[in-house]
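Quick note: numbers below take in every heavy atom, side chains included, and nothing from hydrogens, waters or symmetry partners. In listed order, ligands and their atoms are each counted from 1.
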Amino acid sequence: MLRGFSWRGRIHWFVATLFLFCLMFVIFLSGCAKKKESDKKITLHFVTWKPNIPEVWDEILGLFEKEYPDIRISREVGPHSSTAFHDMLTQKLKNKSKDVDVFLMDVIWPPEFASAGWAMPLDDLFPPYEQQKFLESTILANTYKGKIYGVPLFIDSGLLYYRKDLLQKYGFDVPRTWQQMVETARRIVSEEKKRGVEIYGYSGQFKQYEGLVCDMMEFILSNRGWIVDPKTQRVGIAESPAIEAVRFVRDEIIGGIAPRGVLTYQEPESLALFIQGKAVFHRNWPYAWKVSNNPEKSKIAEKVGIAKLPHFPGGRSYSTLGGWQVGISAYTAKKDAAWRFVKFLTSERVQKLIALGAGKAPTRKSLYNDPEILKANPQFAQMKEVFLSSYPRPRTPLYPAVSNVLQRYFSRAISDPSSDIEAEAKKASMEIERLLNLGVELETKQ
Ligand code: GLC
């Protein structure tokens with residue numbers, strides 16, 4: 001083949017081939033090195049809901065990957081609604097899916113996730129002296145039969161938001177009872193109407209989903225009623241305080257001061273109405289303070305007041321305990337990396353970022369003394385007492401089934417003005433009793 005070449009030509013040809021060969025070898029080696037590097041990276045599958053303020057989560061995950069270059073987070077974003085997110089996540093866990101290592105957990109899920117064997121017990125990683133740094137109710141919510149299954153990320157408690165400017169304008173005090181709230185709302189709405197301003201009295205969460213249970217529980221408890229007594233397991237929804245409270249919501253809230261649209265509202269829609277300046281009163285979790293005071297998003301920035309939720313005469317204010325935890329799948333093969341991620345997410349530093357960026361209330365006690373957080377979120381200091389005393393939903397592994405009965409009952413009872421509340425309540429109460437009699441005991445500790 002080289003017969004036509006001089007010996008010089010042959011040498012050139014030989015050198016060129018050698019060069020090409022070396023070049024290919026170098027490219028091959030660097031490819032291998034790169035592959036090795038990415039092989040070394042652990043990919044963690046993190047299942048989370050659709051956040052209100054996504055930028056904060058992008059920042060947090062970016063920070064984590066920078067500080068832990070050996071771990072890559074693959075995020076799967078589920079629906080915003082707790083109920084819909086529960087369905088998606090539990091489907092994966094039932095299938096022992098490899099696509100879940102770390103997940104967010106609503107405060108009502110740990111007993112279910114623990115007894116189903118989906119969430120890994122974290123006692124060896126999250127010992128009592130670390131747990132003590134968190135608000136007690138949030139630790140209790142994550143504890144089932146003496147073991148801990150999640151690390152609290154933020155706490156939620158129901159609060160009343162109101163239009164400070166309008167209450168002042170018409171000389172009203174902040175209402176203490178639900179009746180005063182309805183009266184105040186009616187007067188302000190009709191006065192504003194005379195001035196050509198269309199505004200509703202109230203916005204809250206009344207769609208058939210988990211949020212409905214939270215809102216209705218606050219009405220019922222504040223009338224000295226109860227859902228399931230944690231000590232006796234007696235179901236209280238067919239008792240008169242609960243019936244009266246549900247009737248009040250049907251007739252005075254849905255059929256009175258709120259737009260009928262609230263029957264389809266979850267948190268985002270109900271908050272949207274408020275920040276457009278279209279509601280005098282609004283029930284929501286602590287994050288709504290930040291959004292409603294952000295002039296880029298809200299027409300009522302600086303005009304918002306915050307208070308404990310009202311109660312019925314003879315009762316007291318109750319606030320539902322909400323909030324989210326971080327759990328690790330019992331089926332993960334990456335426990336060590338998963339724990340590093342959980343520890344990072346629930347650290348003081350990240351909880352502070354979430355408090356400042358998204359207005360969520362921290363679960364770490366120390367952050368309630370942080371001047372920067374309190375400056376950005378004065379509602380945390382003002383409402384700390386409410387956070388500390390918020391009331392848990394029934395603590396049972398069967399909670400999703402109990403909640404499903406409650407959601408259907410409440411929704412039927414409040415959306416039809418001629419509903420037979422007593423009959424519906426009795427039916428639902430019996431269904432819940434049957435569920436609870438399935439033999440799983442409620443945790444008696446509150
Ligand atoms: C909030 C609460 C959660 C509750 C949900 C209902 O996300 O933190 O506990 O179940 O709202 O919509």
Atom 2 (C) of ligand 1 has as its nearest protein heavy atom Asp156 OD2, 3.3 Å

Return the set of residues passing ring-ring contact (aromatic ring centres under 6.0 Å, His included) with Phe206 (not counting sequence neighbours), or none when no residue passes.
-> none

Taking the side chain as every heavy atom from C-beta outward, state whether Ile220 and Val246 have any pair of such atoms under 4.5 Å apart.
-> yes

Check the side chains of Gln351 and Thr363 for a donor-acceptor pair under 3.5 angstrom, ignoring hydrogens and angles.
-> yes

Tell me, please: is Tyr209 in heavy-atom contact with ligand 1, that is, under 4.0 Å?
-> yes

Between Phe312 and Phe248, is the ring centre distance below 6.0 Å?
-> yes

N or O contact, Gly323 vs ligand 1, cut-off under 3.5 Å = yes

Any idea which atoms of ligand 1 are less than 4.0 Å away from a heavy-atom of Gly211?
-> 6 (C), 12 (O)

Please state whether Arg393 comes within less than 4.0 angstrom of ligand 1, counting heavy atoms only.
-> yes

Do Trp178 and Phe219 have ring centres separated by under 6.0 Å?
-> yes

Pairs flagged by salt bridge (charged side-chain N to carboxylate O under 4.0 Å, His left out) wherever residues 70-91 is involved - sequence neighbours left out | Asp58-Arg75, Asp70-Arg340, Glu76-Lys92

Considering only non-hydrogen protein atoms, determine which one is nearest to atom 7 (O) of ligand 1 and report residue, atom name and distance to 0.1 Å.
-> Trp324 NE1, 2.9 Å

Is there side-chain contact between Lys133 and Lys365, with heavy atoms separated by less than 4.5 Å?
-> no

When distances are taken from atom 4 (C) of ligand 1, the protein heavy atom at minimum range is Asp106 OD2, 3.5 Å

For ligand 1, indicate whether the residue Glu267 contacts it via side chain, backbone, both or neither (heavy-atom separation under 4.0 Å).
-> side chain

Residue portion contacting ligand 1 (non-hydrogen atoms closer than 4.0 Å) for Gln325 = neither

